[in-house]
Amino acid sequence: MSATKKNWPTLPLGIRLLIAAHSMSVDAFSRNDGSAVNRRLMNLFDPKASPSRKPDNGVVSSDIVVDTTRKLWFRLYSNTTTAGKMFIPIVVYFHGGGFAYMAANSMSYDDLCKRLAREIPAVVVSVNYRLSPEHRYPSQYEDGFDVLKFIDNPDFEGFSAFGNTDTSSNKAFFIAGDSAGGNLAHHVALKACQHQFSRLKLRGVIALQPFFGGEERTESELKLAGAPLISVKRTDWMWKAFLPHGYNRDHQVVNVFGPNAVDISDLPFPPTLVFIGGFDPLQDWQRTYVEGLNKSGKHVYKIEYPNAIHGFYAFPQLPDTSLLMAEIKNFVLKQLDQ
């Protein structure tokens with residue numbers, strides 16, 4: 001059963017056009033067998049934003065290189081109104097895009113991370129990880145964890161340079177991400193919660209409509225097969241382009257609580273906030289994720305927006321986006337009070 005167009009929530013014309021353009025570019029510039037993406041043409045539909053040393057509504061940013069050989073870098077954001085204050089949390093953010101598209105400096109993610117830095121407020125580290133299919137699993141997870149080790153190094157002075165005067169060995173940080181970045185947030189947090197950092201302390205995970213899956217077709221995937229932005233055809237392609245050759249969607253990094261799952265019951269996995277949209281084909285997998293965390297004895301908080309499409313948070317004019325920002329802020333403050 002597929003949802004008809006009259007079932008979809010009404011979206012402003014500008015948003016519908018942006019979604020249509022992105023969907024067209026993904027389909028047109030990606031090879032069907034999952035082996036290649038035409039980056040030159042894709043970039044025409046993915047405008048980039050430069051870092052800003054001049055405050056943009058109170059937020060400044062700069063790009064920090066971690067490893068030139070793999071072009072690993074991150075964009076660092078800070079709210080200038082917090083300058084000189086102690087204990088400003090750090091949010092390490094992973095952008096979405098099915099592991100194959102978008103970047104830390106994509107205009108939509110630059111805007112989103114500025115808003116996080118402004119409204120939490122927080123220092124935001126937006127990771128520009130390698131993309132598939134040129135770089136398949138586990139490249140993205142390795143990049144994410146290497147950025148954590150980089151900012152944990154006492155030689156990295158980026159936080160104090162942006163006004164965070166907390167010099168303790170207990171800097172609170174959160175790992176966040178949307179869609180594929182939400183998947184990354186989970187797996188990087190799994191590794192981080194077992195690692196002894198020198199000055200960082202993991203306090204939570206924030207997953208915006210995280211990208212999980214499996215060989216089984218869920219009810220939401222069948223019902224919302226023709227959803228805007230994300231469709232079953234596109235997600236199948238993304239997994240094919242991401243996984244090593246010979247593996248299917250029941251791989252443990254895709255179906256995290258499926259037949260090949262790693263038992264996390266005894267791991268100190270942090271509290272997790274999960275956002276789900278009622279018009280997202282991935283919603284059943286996201287609920288399975290929440291259930292899996294619960295069954296593993298972890299603290300998990302689920303927020304559902306019945307009329308939200310996948311990626312709604314990229315559009316600040318949508319009412320649910322402001323609600324999401326408020327929930328993220330409340331979650332961060334709650335975990336800092338623990």
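In this chain, numbering begins with 1 at the start of the sequence shown.
The side-chain heavy atoms of Ile15 and Leu318, taken from C-beta on, include a pair separated by under 4.5 Å.
The closest donor-acceptor contact from the side chain of Ser52 to the backbone of Lys54 lies under 3.5 Å. Without hydrogens or angle criteria, Ser106 side chain to Lys48 main chain gives no donor-acceptor distance under 3.5 Å. In this structure a side-chain-to-backbone donor-acceptor pair under 3.5 Å is present from Arg199 to Asn153.
Ring geometry, Phe156 versus Phe150: the interplanar angle falls from 30° to 60°, so the pair is classed tilted. Relative orientation of the Phe331 and Phe174 rings is perpendicular, given thresholds of 30° and 60° on the angle between their planes. Note on ring orientation: taking the six-membered ring where Trp is involved, the planes of Tyr109 and Tyr93 are tilted (angle from 30° to 60°). Ring geometry, Phe257 versus Tyr289: the interplanar angle falls from 30° to 60°, so the pair is classed tilted.
There is a side-chain donor-acceptor pair under 3.5 Å between Gln286 and Asp280.
For the atom pair CD1 of Ile230 and CD1 of Ile19, the computed distance is 11.0 Å after rounding to the nearest 0.5 Å. Rounding to the nearest 0.5 Å gives a distance of 8.0 Å between CD1 of Ile88 and OG1 of Thr81.
Met107 forms part of no hydrophobic cluster, judged by ILVMFWY side-chain heavy-atom separations under 4.5 Å.
Glu304 and Arg287 are joined by a salt bridge, as a carboxylate oxygen and a charged side-chain nitrogen come within less than 4.0 angstrom of each other. Between Arg217 and Asp236 there is a salt bridge, since at least one side-chain N of the basic residue sits less than 4.0 Å from a carboxylate O of the acidic one. A salt bridge is absent between Asp152 and Lys149; no separation between the charged side-chain nitrogens and carboxylate oxygens falls under 4.0 Å. A salt bridge links Arg130 with Glu142: the distance from a Lys NZ or Arg NE/NH1/NH2 to an Asp or Glu carboxylate oxygen falls below 4.0 Å.
For Lys233, the NZ atom counts as loosely surrounded, since its 6.0 Å shell holds 12 or fewer non-hydrogen atoms of other residues, nucleotides or ligands. Crowding of His299 atom NE2: a count of heavy atoms from other residues, nucleotides or ligands under 6.0 Å not exceeding 12. By the 6.0 Å contact criterion, CG on Asp33 is enclosed, its count of non-hydrogen atoms from other residues, nucleotides or ligands being greater than 12.
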With side-chain contact (heavy atoms from CB on, under 4.5 Å) as the test, would you mind laying out the steps for Met42 and Val37 before giving the verdict? CA-CA 8 Å; Met42 273 299 304; Val37 173; 3.6 Å; yes
With side chain to side chain donor-acceptor pair (under 3.5 Å) as the criterion, how do Asp178 and Tyr313 come out once you've worked through the C-alpha distance, each side chain's angles and the decisive distance to 0.1 Å? CA-CA 9 Å; Asp178 69 284; Tyr313 38 80; 2.9 Å; yes
side-chain contact (heavy atoms from CB on, under 4.5 Å) between His251 and Val254, intermediate numbers included: CA-CA 5 Å; His251 191 287; Val254 182; 4.2 Å; yes
Let's go through Glu221 and Asp284 carefully: what are the C-alpha distance in whole Å and the side-chain angles of both, what is the deciding distance for side-chain contact (heavy atoms from CB on, under 4.5 Å) to 0.1 Å, and is it a yes or a no? CA-CA 8 Å; Glu221 285 177 315; Asp284 286 343; over 6 Å; no
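Exactly one residue among Asn105, Asn128, Asp110 makes a side-chain hydrogen bond (donor to acceptor under 3.5 Å, both in side chains) with Arg75. That residue is Asp110. The residue from Asp146, Ile175, Val66, Val92 that alone fulfils the side-chain contact (heavy atoms from CB on, under 4.5 Å) condition with Val127 is Val92.
Ring centroids of Phe279 and His310 are separated by 6.0 Å or more, keeping the two rings apart. The aromatic ring centroids of His135 and Tyr129 lie 6.0 Å or more from each other. The aromatic ring centroids of Phe211 and Trp239 lie less than 6.0 Å from each other.
Cluster membership check: Leu76 does not share its hydrophobic cluster with Val65, using side-chain heavy-atom separations under 4.5 Å among Ile, Leu, Val, Met, Phe, Trp and Tyr.
Taking each heavy atom of Pro271 and Tyr301 in turn, the nearest pair found is CB-CE1, 4.2 Å. In terms of heavy-atom proximity, Ala180 sits nearest to Gly98 at CB-N, 3.6 Å.
Annotation: cation-pi pair Lys191/Phe145 present, NZ/CZ under 6.0 Å from the ring centroid and within 45° of its normal.
Judged as a side chain to side chain donor-acceptor pair (under 3.5 Å), the pairs with a partner in residues 316-330 (not counting sequence neighbours) are, in order, Arg115-Ser322.
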Show me the donor-acceptor pairs, under 3.5 Å and distance only, between side chains in residues 241-248 and residues at least two apart or in other chains.
{"from": "Asn248", "atom 1": "OD1", "to": "Asp250", "atom 2": "N", "distance (Å)": "2.9"}

